[in-house]
Participant: 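Next up is a structure, given as structure tokens.
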There are 2 protein chains.
Amino acid sequence: MKNRKKEKALDIRDIAKHAKVSIATVSRTINHVSTVDPDLAKRVWKAIDELGYYPNTQARTLVSGKSRIFGLVIPDITNPFFPGIVQAFEEIAIQYDYEILLTSTGNDQHRMEKAIRRMIERQVDGVAIMTFGMEEELLEHLHFRKMPLVFIDVGPPLPLVSNIRIQYQIGVRQAVQHLASHHHRRIAFVSGPPELKSATARTLAFQNAMAEKGLEVPDGMIVSGHHTVEGGLAAFEQLAARTERPTAVMCSNDVSAIGVMRKAYELGIQVPDDLSVIGFDDIHLAEFVIPPLTSIRMSQTELARLAFHALLADVERTSLPPAGTEYFLTTELVLRKSTAPVRKPAAEPSKTHPF
Amino acid sequence: MKNRKKEKALDIRDIAKHAKVSIATVSRTINHVSTVDPDLAKRVWKAIDELGYYPNTQARTLVSGKSRIFGLVIPDITNPFFPGIVQAFEEIAIQYDYEILLTSTGNDQHRMEKAIRRMIERQVDGVAIMTFGMEEELLEHLHFRKMPLVFIDVGPPLPLVSNIRIQYQIGVRQAVQHLASHHHRRIAFVSGPPELKSATARTLAFQNAMAEKGLEVPDGMIVSGHHTVEGGLAAFEQLAARTERPTAVMCSNDVSAIGVMRKAYELGIQVPDDLSVIGFDDIHLAEFVIPPLTSIRMSQTELARLAFHALLADVERTSLPPAGTEYFLTTELVLRKSTAPVRKPAAEPSKTHPF
DNA sequence: ATTGTTGGAGAAAACGTTTACTCGAAGAGC
DNA sequence: GCTCTTCGAGTAAACGTTTTCTCCAACAAT
């Protein structure tokens, strides 16, 4: 009869009894309410320590209505860009005593919906979404529950949701400028998956920048790399088969850039001498691939920081700025060794080290 | 007076009222208890759907005592090996309706303890730990609460905790054999952080394999790469400065191998012609770096699967195997292009493409 | 017909907290 | 010295579920 499955974990009541105070006092002590007598508090802490008590967050959440959990939805944890963000997000969350419920959707609409549903059921206090493509109905549910929301990159223009807008145009313009100044004219673009809004935004930025420079983008010079290494591989294979091969290719993210570099290498095309490559995201590894990859950088730390604070501002309504704010994140070109001036087509094969 | 902060989310009571049944029936319906009348169940589901009800997991957990959350502790999410595991773990967790509380400790003892504490407070049903170095006291708390535990790689030999033992010796032996058959004698090892048990286990496996082959490992031929690119960089710089430079280097993980390849490149040392490099982990990217990295593979999917099932077996005591089981995961060498036969030291510089 | 069984639905008691609310003691003002 | 505040601790009522228990109806067996 006394033999339950588990020994039944320690209660706030056990602490109260042991410290000879009421449970309310224990609760107040734990929550650092100032009105509790220092002597009593000391007794409580002592009891907590001696007995090895851990408060039950679930019970806490149930009554307080705040779970101190933020959901974080990313498309693909396997793409090194996102772990960087997750890490930064976690670091700041810990500081503020928040927990993260992470989910990697693989760009799958259905999994994303499941994830959001689970997050609601777990009573998250808010969710940051890095991947767009969400059903109206789900969004309505979220909205109906007044769930604090922040969309990173490209979100829907809804009244109360915050957005972090990444200013692609800046970095892309710098990149095109850089390439153009090195006499590149035939510049290809390896885009992301077409259903991903942030990918199409990057593509658009590229097209605009090219137009600004008066450069043409012939048909077939924009091809999807699906934001994966394999995608990059396939994309460049396609590009390389053209009669008029591009002298430079910009990629919608770094891992697909790694893919095109690799395919170029396989085909005996030297980067950067025969082909300039520019990535996007500036993942940590970009600096260390061979040759080091020139990339368009956006700060993962800053992105995470903005997202977290947007959420926080929304849940603690007191602090500014209000929900529905737009935040902006700039991008910039960081030059490394994967680009070079365009060469005369008929030149002899290059020597060895590109740097 | 009626104006609460939020509209107060839907209740199980609202559903009961709307479907004209008792809350017990609603609960039973949701939990698929077979005894509920199909007609009533239909009414309940209809109400749930119409009203857009999401059950409150926190309340559920509170009474049932099961949170359906597993903690997952990894050392560094920034190292691509771990995202692979996280992804596999998440996939299988979702299948079983479990949630993951992920934490990346950065090999920091203190952060790890905090993480574990938070996990206990969140009432996780078990935790998988991929990084060892834990205070006795914390372990005792865990043990005291009968928390299901699985250590991945190198865990403490405790009665009721499961362990997944990775059989390094196999892959390492293959690697040394491979190198030896290509006439390498001076083989260096870039190890991981010395405080990481799994890193020292790999180092030990290397030493044993070398001894088996009758190969010497002179002082200074084992140097720490800290399992990071930067560490690999520094490690090889040190190695390259030796009068007797190694002709091959094995690394305790892939990212440090990427570091040594990069440093070699900087120094004008060709991989694989002048230097053979073998990594460890076989991350996805290993196949795509230049040259493709030969590595010692262990299946991330399998690792995650084993860990999850170990935990699951422990929480649902019915199913075998029991808690405290040891699982084994093999490793194997996967050959790519970063190794080659040792060359005569005085040979001329290599041509260009290694493959 | 009467009594047992069975099966399924509802009532009510947990689960471990926070948070009004209550209440007594101590200090201030007259 | 008496009432009026103020302050801090304890009591009790939530929070949204699951789950045990109770109860009633229906059906089987005598």
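Note on naming: letters A, B, ... go to the chains in the order of the sequence lines (proteins, then strands), and numbering restarts at 1 for each one.
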Participant: In this structure, how many angstroms lie between the C1' atom of D:dC15 and the NZ atom of A:Lys66, rounded?
Facilitator: 14 Å
Participant: Is A:Ser64 near enough to C:dT18 that one of its side-chain N or O atoms lies under 4.0 angstrom from OP1 or OP2?
Facilitator: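 Answer no for this pair, as no side-chain N or O of A:Ser64 is under 4.0 Å from OP1 or OP2.
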Participant: Between B:Gln123 (CD) and C:dC15 (P), how many Å, whole number?
Facilitator: 14 Å
Participant: If you check the A:Ala24 side chain, which of C:dT18, C:dA9, D:dG10 turns out closest?
Facilitator: D:dG10
Participant: Quick one: are A:Arg305 and A:Ile92 in side-chain contact, heavy atoms under 4.5 Å?
Facilitator: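 A side-chain contact exists here, since the closest heavy-atom pair is under 4.5 Å.
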Participant: Please tell me which of the listed nucleotides, C:dT17, C:dT19, C:dA9, lies nearest to the side chain of A:Tyr53?
Facilitator: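 Nearest listed nucleotide: C:dT17.
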Participant: Does the side chain of B:Ile77 come within less than 4.5 Å of A:Ile77's, by heavy atoms?
Facilitator: yes
Participant: Could you check how far CZ of B:Arg60 sits from P of C:dT17, rounded to whole Å?
Facilitator: 21 Å
Participant: Return the value, rounded to whole Å, for the distance between atom NZ of B:Lys17 and atom C1' of D:dG16.
Facilitator: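 Distance, rounded to whole Å: 14 Å.
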Participant: CZ of A:Arg13 versus P of C:dT18: gap in Å, rounded?
Facilitator: 12 Å
Participant: Cut-off 3.5 Å, side chains only: do A:Glu90 and B:Thr103 have a donor facing an acceptor?
Facilitator: yes
Participant: For the side chain of B:Asp11, starting at C-beta, report the closest nucleotide among D:dG16, D:dA14, C:dA9.
Facilitator: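 The nucleotide sitting nearest to the side chain is D:dG16.
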Participant: From the set C:dG16, C:dA12, C:dT18, return the single nucleotide nearest to any side-chain atom of B:Ile23.
Facilitator: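 Selected nucleotide (nearest to the side chain): C:dA12.
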Participant: Can you check the A:Asp39 CG to D:dA9 P distance for me, whole Å?
Facilitator: 10 Å
Participant: Please confirm whether the shortest side-chain N or O distance from B:Ser22 to OP1 or OP2 of C:dA11 is below 4.0 Å.
Facilitator: no
Participant: Distance check: side-chain N/O of B:Asn56 vs OP1/OP2 of D:dC15, anything under 4.0 Å?
Facilitator: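 No, outside the criterion.
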Participant: Assess the side chains of A:Ser104 and A:Asp76: does a donor N or O sit below 3.5 Å from an acceptor N or O?
Facilitator: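 Checked: A:Ser104/A:Asp76 side chains show no N/O donor-acceptor pair below 3.5 Å.
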Participant: Side chains of A:Glu113 and A:Gln109: is there a donor and an acceptor less than 3.5 Å apart?
Facilitator: yes
Participant: Which one, D:dC15, C:dC15, C:dA9, comes nearest to the side chain of B:Val36?
Facilitator: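 So the side chain of B:Val36 is nearest to C:dA9.
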Participant: Atom CZ of A:Arg122 to atom P of D:dG16: distance rounded to whole Å?
Facilitator: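 Rounded to the whole Å, the gap is 17 Å.
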Participant: Of the options D:dA14, D:dT17, C:dC15, whose atoms approach the side-chain atoms of B:Leu62 most closely?
Facilitator: C:dC15
Participant: To the side chain of B:Asp37, which of C:dA9, D:dA9, D:dT18 is closest?
Facilitator: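 The closest nucleotide is C:dA9.
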Participant: Does A:Thr25 reach a base, just sugar-phosphate, or nothing at all? Heavy atoms under 4.0 Å.
Facilitator: sugar-phosphate
Participant: Does OP1 or OP2 of D:dT18 have a side-chain N or O of B:Ser27 closer than 4.0 Å?
Facilitator: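 Yes.
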Participant: Do A:Phe308 and A:Glu91 have side chains that approach each other closer than 4.5 Å (heavy atoms only, starting at C-beta)?
Facilitator: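 Contact flag for A:Phe308/A:Glu91 side chains = no.
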Participant: Using whole Å, what does the distance between atom P of nucleotide D:dT17 and atom CZ of B:Arg68 come to?
Facilitator: 17 Å
Participant: I want to confirm an ordering. Mapping A:Ile12 and B:Arg28 to their closest nucleotides on DNA chain C, which one lands closer to the 5' end?
Facilitator: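 Whichever sits nearer the 5' end wins; that is B:Arg28.
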